[in-house]
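As structure tokens, the structure follows; a few thoughts come after it.
We use all heavy atoms of the structure for the numbers below, so side chains are in, but hydrogens, waters and symmetry mates are not. First the proteins, then the strands, lettered A, B, ... as listed; each starts at 1. From a predicted model like this one, the values you see are computed outputs, not experimental measurements.
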Protein chains: 2
Amino acid sequence: MEDEIVSKKSVVDYKKSQYRRGVLAELYQSGLSTLAQLAKGLHSSVPSMTNIVEELVEEKWISTFGTAVGNHGRRPVLFGLNPQNKYIIALDVSTHDTKAVVMNLQRDVVYRKEVDLRLEDTSQFADNLLTLTENVLTESGLKPSDFIALGISMPGLIHFQSGMNLTYRRINHSDDSLGSWISEKTNLPVFVVNDTKATVLGEHRFGLARGKKHVLAINIDWGVGLGIILNGDIFQGASGFAGELGHIQVDPEGELCHCGKVGCLDTITSATSLMRRVRRGLKEGRASKLSAYLEKIDQIDIENVIEAARQGDSFAIDILYEVGTELGKGLSIAVHLFNPEIVIVDGIVVKAGAFITNPIGQAINKYCLSDFRSDLSIEISQLGEKAKWIGIHAYVLDQVISSL
Amino acid sequence: MEDEIVSKKSVVDYKKSQYRRGVLAELYQSGLSTLAQLAKGLHSSVPSMTNIVEELVEEKWISTFGTAVGNHGRRPVLFGLNPQNKYIIALDVSTHDTKAVVMNLQRDVVYRKEVDLRLEDTSQFADNLLTLTENVLTESGLKPSDFIALGISMPGLIHFQSGMNLTYRRINHSDDSLGSWISEKTNLPVFVVNDTKATVLGEHRFGLARGKKHVLAINIDWGVGLGIILNGDIFQGASGFAGELGHIQVDPEGELCHCGKVGCLDTITSATSLMRRVRRGLKEGRASKLSAYLEKIDQIDIENVIEAARQGDSFAIDILYEVGTELGKGLSIAVHLFNPEIVIVDGIVVKAGAFITNPIGQAINKYCLSDFRSDLSIEISQLGEKAKWIGIHAYVLDQVISSL
DNA sequence: CTTAGTATTTAAAATAATTAATAAATAACG
DNA sequence: CGTTATTTATTAATTATTTTAAATACTAAG
């Protein structure tokens, strides 16, 4: 019954809704646009755009930003997403801490909080994350009605359809996903996205990969993740698991991985395993500046290794080289399969700069067919940790807009 | 100047053109549709569709196919692509022969020819292919004006933007691609597509993978190729090279590949290398029914091996098992990266049936994370060689329609 | 400082597309 | 076998959108 009422006038409504979404998406990407630009971009006319835009201004989605300068003739009015009235919360969850960021529609950070909440596979974690969220809601000083959505990025296999994190199953409350549980409690739409996918989306929309059609972003952190942009969109695969590079087998005689298989790329290249090999090497008596840490060997961390490499420590350099080579080998597989225009390297390891990118580049040269390399550039992320918040923001806004 | 005339009335023209393409695409997929179905599918109204459809009938693109049966009420008129007046030539080029097929818009084969023209890296090949094309044009008995386009599928890295085959560079006339050269000579639009990509498109549009969003099709032939459908579309990558599974390294101490690298998957799993190992095994005196061929060892071919396996020959079974396992290993990498819903096995080796699919399935079970396997089905192509023609047809028609 | 030139905005007219209404076709039912 | 219910096709009326034209706003040149 209700369905029939909705389907009345359906065609007109559908088209209008398409235009509304189009305008918001366009303004999100462009920052500021004139009516003429919007009309052209959406294959519509200026008077039509005037209508749509007026409506969206009314609803506080967009606002005017003065007029454009420079050209001859009458200066056109600029429109952009409203920097007030509507806010998004981004929770960047990892295994070592959690960051909460409140942003307006223009991605300006209006509130930030970093807490010592580590992702672990317990139901307690969900409770803590909810508490954090509620704290952010009040501490930010904004009206509850000003928040339009909450985005959470975290590692793990996140089932696209249900939002369940299958790697950390206990954080889901019974058969409800963490996301829908928090959504219920906070009365906000919640979107959960894999951290690497958020990162690549950030890099694609507002970073180095802007405007590229096919992008790979490799994120080297506590594990290895591959974020993929295809045809300008984040690529999820059938269930949301696409890009699981960390668990392809690279060494049949390698170490046992936590996933249960043997010789996964993760067992060689993740920061965890890198540190394991550093400690083993030091214990075996390898000559290195890092030997100074021998007594307190558990306190040594990856930044120490990178620092040592910078100072010319050959043990540290070797270790990084080894990791970079294996990463490059894994990446060349992905390059052969995806044929991207650009590969972005991201994560903790980027602090190692050329110590890690050189071997990656070398391995790609060695293991990739030349035709794949000719139009391919390999870059280090410039957005850094911001890429993730921006990616969450873009992901959430995409979802919100498309549900409008 | 002309540009300005075109851009007059541009928005209206654009929308109409969108509808026209939409109707053709819809009818191509559905076979037959009613006005109401078209209107619903394209978010438009019945009177509008009536207009568009009338125009397309006028232009001989579509025609009526009586009325639908079964329902109450007045029976709706069915429309479908016109089976007369417009034809497509598909050339299926491989390293062992070339097939030419003329099809109408409904994919009915109206003329077929198989010639002993083998793909080789010479300019002579281009001349021969042109001759073949011209013969087909005349021998088919159709009016030249009835042909709307020519599609060519062939192995190799085919540069998406230029249509150049980079694996067989000499078939291109100077700096003109084979495709545009033939196009010039025949006055027909020509589209060149990689054979594996054509196959997966065929399987997706009218085969086992119909309606699936993400599909991998592995084609085991003189080499290994991976065809990829993502979000319902053929995935080309930045330059058209996506899916090059054959040249990922699987064995650092393996054989030298013709591509210049070492231990490519191709060196283990292609039909060529399979035969090499069969011959080597026989020479080394492995017990096998195939030993009967020892004197004429060069005449033995893959079908003999498969036949031997069917008869229980354990050497043949072992060889196929080995190949299947390596293929499965390679495929699991692709599964981890693409997270598809279905994997289709295609090519010569399918005649081996379970002898090849069992080890593939087993390897996927062994090397894939369980979450990737739960919704994944592995099937053997049912379309067989037809998949490629149908894929060429679909590819060509997609291109023609989108240029309308 | 005025005027010519350029471009946007607003308003009005023309066109196109949708919805609503009516006519036509067909199966089910009494 | 005719009537009714149901569905589709066609036409008319209404609504929406585009196009055209006029008005406005601004730059730059004389």
Which ones in residues 24-57 of chain B lie close to DNA chain C, meaning a heavy atom under 4.0 Å from one of its atoms?
S44(B), S45(B), P47(B), S48(B)

When you measure from the side-chain N and O atoms of R75(A) to the phosphate of dT27(D), is any distance below 4.0 Å, counting only OP1 and OP2?
yes

Check whether any side-chain N or O of K15(B) sits under 4.0 Å from OP1 or OP2 of dA17(C), and answer yes or no.
no

Taking [atom1] from [X] and [atom2] from [N], how many angstroms apart are they, rounded to a whole number?
X: Y14(B); N: dA17(C); atom1: OH; atom2: P; value: 15 Å
X: D13(B); N: dA17(C); atom1: CG; atom2: P; value: 11 Å
X: H72(A); N: dT8(C); atom1: NE2; atom2: C1'; value: 15 Å

Among dT8(D), dT8(C), dT18(D), the nucleotide that comes nearest once only the side chain of R74(B) is considered:
dT8(D)

Counting only side-chain heavy atoms from C-beta out, which of dT19(C), dT18(D), dT8(C) sits nearest to Y19(A)?
dT18(D)

Is the distance from the ring center of F235(A) to that of H214(B) below 6.0 Å?
yes

Just grab all the salt bridge (charged side-chain N to carboxylate O under 4.0 Å, His left out) pairs involving residues 56-75 of chain A, residues at least two apart or on different chains.
R20(A)-E59(A)

The complete set of salt bridge (charged side-chain N to carboxylate O under 4.0 Å, His left out) pairs with one or both residues in residues 201-212 of chain B, sequence neighbours excluded, reads R205(B)-D398(B)

F191(B) and side chain to side chain contact (heavy atoms under 4.5 Å, CB included): which single residue from V400(B), I88(B), I152(B), L150(B) fits?
V400(B)

Tell me if a side-chain donor or acceptor on N82(A) pairs with a main-chain N or O of I62(A) at a distance below 3.5 Å.
no

Between M103(B) and W389(B), which heavy-atom pair has the shortest distance, and what is it?
CE-O, 3.6 Å

